[in-house]
Amino acid sequence: QVQLVESGGGLVQPGGSLRLSCAASGGTSSTSAMGWFRQAPGKEREFVAAITRSAGNTYYADSVKDRFSISSDSAKNTMFLQMNSLKDEDTAVYLCAAGFWGPTVLGRLKTKINYSYWGQGTQVTVSS
């Protein structure tokens with residue numbers, strides 16, 4: 001059973017930065033990719049970024065491209081999301097996901113049903 005624990009969320013002003021972490025334990029080798037999603041109140045959970053486990057290829061939603069950066073430390077089983085130039089619309093609960101199988105193409109990486117394990121999430125609030 002994979003367990004995922006996010007941290008690093010908080011309150012930040014527009015234009016500021018935050019770095020989220022996702023610590024994974026329990027069978028993390030069984031996932032070919034990990035991802036970050038976010039969910040704002042009253043909205044659907046949406047894809048933010050993903051990273052493949054073997055090659056470290058990265059994928060981003062258009063809304064965060066050039067502002068966010070996903071990375072991972074395999075030795076520590078930890079995934080990160082560096083968020084820069086934050087905007088009000090980035091406010092959401094950010095969740096990490098694992099347990100992804102199959103071809104690591106963007107169309108599948110963006111689809112939440114392709115992930116089996118989810119963390120509880122960490123709140124990010126962007127406000128002045």
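Since this is a predicted model, take the numbers as computed values, not measurements.
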Where is the tightest heavy-atom contact between [X] and [Y], given as atom of each residue plus distance?
{"X": "Glu6", "Y": "Cys96", "result": "OE2-N, 2.9 Å"}
{"X": "Thr78", "Y": "Ser21", "result": "CG2-CB, 4.3 Å"}
{"X": "Val126", "Y": "Thr91", "result": "N-OG1, 2.9 Å"}
{"X": "Gln82", "Y": "Ser17", "result": "NE2-CB, 4.0 Å"}
{"X": "Ala49", "Y": "Leu81", "result": "CB-CD1, 4.2 Å"}
{"X": "Thr31", "Y": "Gly99", "result": "OG1-N, 3.0 Å"}

Hey, does [Y] have a side-chain heavy atom less than 4.5 Å from the side chain of [X]?
{"X": "Tyr94", "Y": "Met83", "answer": "yes"}
{"X": "Thr122", "Y": "Ser7", "answer": "no"}
{"X": "Phe80", "Y": "Ser69", "answer": "no"}
{"X": "Leu20", "Y": "Phe68", "answer": "no"}
{"X": "Thr125", "Y": "Val12", "answer": "no"}
{"X": "Met79", "Y": "Ile70", "answer": "yes"}
{"X": "Gln3", "Y": "Tyr117", "answer": "no"}

Verify the neighbour count for atom CG of Asp66: are there more than 12 heavy atoms of other residues, nucleotides or ligands below 6.0 Å? no

Can you tell me if CD on Glu89 sees more than 12 non-hydrogen neighbours from other groups inside 6.0 Å? yes

Would the distance check show the side chain of Arg108 and the main-chain N or O of Pro103 forming a donor-acceptor pair, the cut-off being under 3.5 Å?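 Between the backbone of Pro103 and the side chain of Arg108 there is a qualifying donor-acceptor contact (under 3.5 Å).
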
From Gln123, Arg38, Gln120, residue fulfilling side chain to side chain contact (heavy atoms under 4.5 Å, CB included) relative to Val93: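 Going through the options one by one, the only one that passes is Gln123.
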
Go through the steps for Lys110 and Tyr59 under the test side chain to side chain contact (heavy atoms under 4.5 Å, CB included), then give the verdict. CA-CA 9 Å; Lys110 293 171 60 174; Tyr59 303 82; over 6 Å; no

For Phe37, ring pair (Phe, Tyr, Trp, His ring centres under 6.0 Å) partners two or more places apart: Phe47, Tyr115, Trp118

Using 0.5 Å steps for rounding, measure from the [atom1] atom of [X] to the [atom2] atom of [Y].
{"X": "Leu106", "Y": "Asn57", "atom1": "CG", "atom2": "CG", "result": "11.5 Å"}
{"X": "Asn77", "Y": "Cys22", "atom1": "CG", "atom2": "SG", "result": "10.0 Å"}
{"X": "Thr52", "Y": "Phe100", "atom1": "OG1", "atom2": "CZ", "result": "10.0 Å"}
{"X": "Leu11", "Y": "Leu18", "atom1": "CG", "atom2": "CG", "result": "9.0 Å"}

Taking 4.0 angstrom as the limit, do Lys87 and Asp90 come out as a salt bridge? no

Within one Ile-Leu-Val-Met-Phe-Trp-Tyr cluster: Val48 and Leu95, side-chain cutoff 4.5 Å: no

Any residue meeting salt bridge (charged side-chain N to carboxylate O under 4.0 Å, His left out) with Arg45, in chain and number order, not counting sequence neighbours: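 If we apply the salt bridge (charged side-chain N to carboxylate O under 4.0 Å, His left out) test to Arg45, skipping adjacent residues, there are no hits.
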
